[in-house]
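Numbers restart at 1 for each chain; the letters A, B, ... are given by sequence-line order, proteins then strands. What you are looking at is a predicted structure, and each value in this text was computed from that prediction instead of being measured.
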Amino acid sequence: DQQVKQNSPSLSVQEGRISILNCDYTNSMFDYFLWYKKYPAEGPTFLISISSIKDKNEDGRFTVFLNKSAKHLSLHIVPSQPGDSAVYFCAASPVTGNQFYFGTGTSLTVIP
Amino acid sequence: NAGVTQTPKFRVLKTGQSMTLLCAQDMNHEYMYWYRQDPGMGLRLIHYSVGEGTTAKGEVPDGYNVSRLKKQNFLLGLESAAPSQTSVYFCASSYDGTSGSWVETQYFGPGTRLLVL
């Protein structure tokens with residue numbers, strides 16, 4: 001059973017606008033969340049993370065929001081750029097675990 | 001500093017053949033991981049290692065074996081390949097796997113595309 005879900009397989013956004021990618025999880029023991037970006041024929045690369053003690057973390061154009069009560073996190077990209085076009089995976093890790101659980105990914109296309 | 005490298009990049013196997021995928025990292029990371037990525041399934045953890053000489057099962061370990069004889073290398077073996085093992089395999093490494101005060105990220109290799117006929 002998928003413990004981390006990304007219900008939107010794809011998203012298209014105009015350049016300069018905001019991209020919002022969503023992720024839901026079911027395991028209340030998850031306490032660390034990450035977003036990865038993946039280009040074709042490459043491995044995923046780390047983008048941004050958030051600990052469960054926070055509800056927001058910013059890094060330049062990227063902001064991750066965490067709503068623990070709803071078991072929901074989102075990644076905001078503002079402004080979106082064509083180079084942001086990639087597949088984005090969210091991942092979660094439990095408090096005492098050594099495992100990361102990944103979502104199925106959302107393919108973002110930023111239209112120039 | 002090459003990061004995480006994977007060998008080979010692409011391989012075609014016949015059902016029943018065996019092969020070993022090699023992952024190497026030069027970042028002195030303790031933890032190493034093998035994932036597979038399938039369409040609509042995201043990345044799923046096959047096996048992982050928390051240090052030299054140790055291995056553990058992940059979500060989908062059946063049909064695979066691993067070894068971590070040296071800290072920098074993590075091998076994934078398929079003893080008798082099946083078409084269901086057609087996938088893209090990613091290796092990753094991290095400083096350690098415990099959630100805590102440090103930024104916990106995994107560094108991924110470029111992937112190995114495996115086709116089992």
Study note, to complete from the structure: Turns out that what part of B:Tyr35 lies under 4.5 Å from chain A's heavy atoms comes down to side chain
**Study point:** Region of B:Gln37 that comes under 4.5 Å of a non-hydrogen atom in chain A
**Key:** side chain
Check your understanding: Non-hydrogen atoms of chain B under 4.5 Å away: do they reach the side chain of A:Gln2, the backbone, both or neither?
Key -> side chain
Exercise for review: Would you please indicate if the ring centroids of A:His76 and A:Phe62 are separated by under 6.0 Å?
Suggested key: no
Review point. Would you say the ring centroid of A:Phe33 lies under 6.0 angstrom from that of A:Tyr25?
Key: yes
**Study point:** Heavy-atom contact with chain B under 4.5 Å, split by part of A:Ala91
**Key:** neither
Check your understanding: Using the benzene-type ring in the case of Trp, are the ring centres of A:Tyr101 and A:Phe30 under 6.0 Å apart?
Key -> yes
Point to revise | Sub-6.0 Å ring centroid separation between B:Tyr48 and B:Phe74 | key: no
